[in-house]
2 protein chains.
Amino acid sequence: MTSRLKIPRKSIYRLSVYSRCLNRLLDNHVETVSSDTLAKAAGVKPAQLRKDLTYLGNFGRRGLGYNVAELWQRINSTMGTNRLLPVVLVGVGNLGSALLSYQGFAKEGFEIIAAFDAEPERRRHRQSAIPIYDMNRLGAFLKSHKVKLAIIAVPAEAAQEVVNRLVSHGIQGILNFSPLLLQSPTDVMVNNVNLAIELENLAYFVR
Amino acid sequence: MTSRLKIPRKSIYRLSVYSRCLNRLLDNHVETVSSDTLAKAAGVKPAQLRKDLTYLGNFGRRGLGYNVAELWQRINSTMGTNRLLPVVLVGVGNLGSALLSYQGFAKEGFEIIAAFDAEPERRRHRQSAIPIYDMNRLGAFLKSHKVKLAIIAVPAEAAQEVVNRLVSHGIQGILNFSPLLLQSPTDVMVNNVNLAIELENLAYFVR
DNA sequence: CTGAATTTGTGAATTTTTTCACAAACTATT
DNA sequence: AATAGTTTGTGAAAAAATTCACAAATTCAG
């Protein structure tokens, strides 16, 4: 089974989840885990877990399960989580500055190496180690640091313009927090996180 | 076609998106819109838009399209976005305090009426209009205010305990920002927002 | 009023995703 | 070494979601 099989997007999401469950098992010095146990921890069905794992090859042992360390290793090398990836943040308002301080990204192998904002007073006020630059330095920075990923946390009305600039300077993946559908070339991937929609969705099912 | 047809979760998500697109059309005083135009704005195929709308009944006009105001009205009344819904926030760290200041929720009909945190110094430091209470007041507050929705932005290790308390006091929907799968009764809905996984996902497809 | 042009609503076809179910492979025990 | 008990890997089945494609309804222009 060749490693360069196209893995469905949903499986990729779940692989991230599995990886986090494995972290906990590693912490507890658990050596092997069955698809049944891991699936329960990840909130999926065992058959689905096994099917997802076939994209990484066959390395479970029948009658025993998976070696936790090996499974972790395989998932993370497939996901490319092994190397530390640089990210830039555009927009240092409420949400943006929270993301700057958020420890979760660093824990998972991402480093926000710089932030950008058009407002001078936002650029001053921070005591974090991460530099905050004016928007006009964006292009040069991206070029010299070869950054591929960006997080956008600017107001809706500025978002499309920011996307255009990011794309023109070689950004290939964008995590978008602005509540708007953004136009982008097909080879640039945009993941939208819309907090209001998530709440709205909950509200509907709650009644 | 009865209104109490079960609408698939994915359609519910998209209806939220359509509603936002309609907002912009309303702002621009556009009176009617075709499935083709609206679908393009929402980033879906026209047939899918029309199929989603059939859950709300038949009210498009062939040859013309949909009345923007009516469509907006129907979507929002189905989604229950018309009334203002109270929400509590648990955890006022980096992410939590950003969510407190985030204007996006209020814009979409949600009001964070109170926040809770176990750390006294976090409860002091804020100048927002939203009160921040100690965790031991959570139960009484939920009971007296009949809140149904909660946002969790506490560290992973505290999350499950918080869920248990929320559930025991009648919370029915939880928006969870902690990077952990939470156990909850089936009649309590949990939507997970895992920022690190979103970035990881982008990173994979970017290479 | 007529005919060309739109656009909806929707069964049917297609594609994607999930789940089932079981043979094959392996472990553990005695 | 034989047997009972697990657990994987995976075709095949089922379910879910998306897309097609077209008749029916309606608009609009002349």
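Quick caveat, the model's predicted, so the values are computed rather than measured. Letters A, B, ... mirror the listed sequences (proteins, then strands); counts begin at 1.
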Where each residue is assigned the nucleotide of DNA chain C containing its nearest heavy atom, which of Ala47(A) and Pro8(A) is assigned the position nearer the 5′ end? Pro8(A)
Can you sort out the partners of Glu31(B) under salt bridge (charged side-chain N to carboxylate O under 4.0 Å, His left out), two or more places apart, ordered by chain and number? none
Return the value, rounded to whole Å, for the distance between atom CD of Glu70(A) and atom P of dT8(D). 13 Å
Kindly say whether Ser97(B) contributes a backbone atom to a donor-acceptor pair with the side chain of Ser101(B) at under 3.5 angstrom? yes
By the 4.0 Å heavy-atom rule, please label Arg14(A) as base, sugar-phosphate, or nothing. sugar-phosphate
Scan residues 28-39 of chain B against DNA chain C and write down, sorted by residue number, each residue with any heavy atom closer than 4.0 Å; if none is found, say none. Ser34(B), Ser35(B)
Heavy-atom side-chain proximity of Tyr18(A) to Leu71(A) below 4.5 angstrom: no
Only distances under 3.5 Å count here; give the side-chain donor-acceptor pairs of residues 138-149 of chain B to other protein atoms, sequence neighbours excluded, each with its distance to 0.1 Å.
unit_1    : atom_1 : unit_2    : atom_2 : d
Ser144(B) : OG     : Ala140(B) : O      : 3.2
Ser144(B) : OG     : Phe141(B) : O      : 3.2
His145(B) : ND1    : Phe141(B) : O      : 3.2

What is the separation between atom CG on Asp52(A) and atom P on dT16(C), rounded to the nearest whole Å? 16 Å
Can you tell me how far C1' of dC20(C) sits from CG of Leu49(A), to the nearest Å? 16 Å
With side-chain hydrogen bond (donor to acceptor under 3.5 Å, both in side chains) as the rule and sequence neighbours excluded, what pairs involving residues 19-29 of chain B come up? Glu200(A)-Arg20(B), Ser19(B)-Asn76(B), Arg20(B)-Glu108(B), Asn23(B)-Trp72(B)
For Ala156(B) and Pro179(B), work out which heavy atoms get closest and say how close. CB-CD, 4.2 Å
In short, Ala159(B) meets Leu182(B) closest at the heavy-atom pair CB-CD2, 3.7 Å
Tell me which nucleotide among dT18(C), dG9(C), dT19(D) gets nearest to the side chain of Lys10(A). dT18(C)
Cation over ring, Arg74(B) on Phe59(B), under 6.0 Å and within 45°? yes
Which residue pairs pass the side-chain hydrogen bond (donor to acceptor under 3.5 Å, both in side chains) test with at least one member in residues 154-173 of chain A, sequence neighbours excluded? Gln160(A)-Asn164(A)
In whole angstroms, how far is the P atom of dT18(C) from the OH atom of Tyr13(A)? 14 Å
Contacts under 3.5 Å, N or O only, protein and nucleotides 27-30 of chain D:
unit_1  : atom_1 : unit_2   : atom_2 : d
dT27(D) : OP1    : Arg61(B) : NH2    : 2.6

Rounded to the nearest Å, what distance is computed from the CZ atom of residue Phe59(B) to the P atom of nucleotide dG9(C)? 7 Å
Gln48(A), nearest nucleotide to its side chain (from dT18(C), dA21(D), dG9(D)): dT18(C)
In whole angstrom, what separates Leu15(A)'s CG from dT17(C)'s P? 14 Å
Could you pull out all residues at least two apart from Asp36(A) that satisfy side chain to side chain donor-acceptor pair (under 3.5 Å)? none
Rounded to the nearest Å, what distance is computed from the NZ atom of residue Lys45(A) to the C1' atom of nucleotide dT8(D)? 18 Å
For Asn194(A), all residues meeting side chain to side chain donor-acceptor pair (under 3.5 Å), sequence neighbours excluded: none
Go through the steps for Phe177(B) and Ile152(B) under the test side-chain contact (heavy atoms from CB on, under 4.5 Å), then give the verdict. CA-CA 6 Å; Phe177(B) 283 87; Ile152(B) 298 187; over 6 Å; no
Any side-chain N or O of Tyr66(B) under 4.0 Å from OP1/OP2 of dT6(C)? no
Mind running a 4.0 Å heavy-atom check of residues 183-194 of chain B against DNA chain D and sending the residues that fall below it, in number order? none
Side-chain donor-acceptor distances from residues 110-118 of chain B under 3.5 Å, at least two apart:
unit_1    : atom_1 : unit_2    : atom_2 : d
Asp117(B) : OD1    : Glu119(B) : N      : 2.9
Asp117(B) : OD2    : Val92(B)  : N      : 2.6

Please tabulate the protein-to-nucleotide N/O contacts below 3.5 Å involving nucleotides 12-16 of chain D, giving atom names and distances.
unit_1  : atom_1 : unit_2   : atom_2 : d
dA12(D) : N6     : Lys51(A) : NZ     : 3.3

On DNA chain C, does the nearest nucleotide to Arg50(B) precede the nearest nucleotide to Arg50(A) from the 5' side, or the other way round? Give the residue. Arg50(B)
Results of salt bridge (charged side-chain N to carboxylate O under 4.0 Å, His left out) for Arg50(B) - residues two or more places apart only: none
What's the CG-C1' distance between Asn58(B) and dA23(D), to the nearest Å? 15 Å
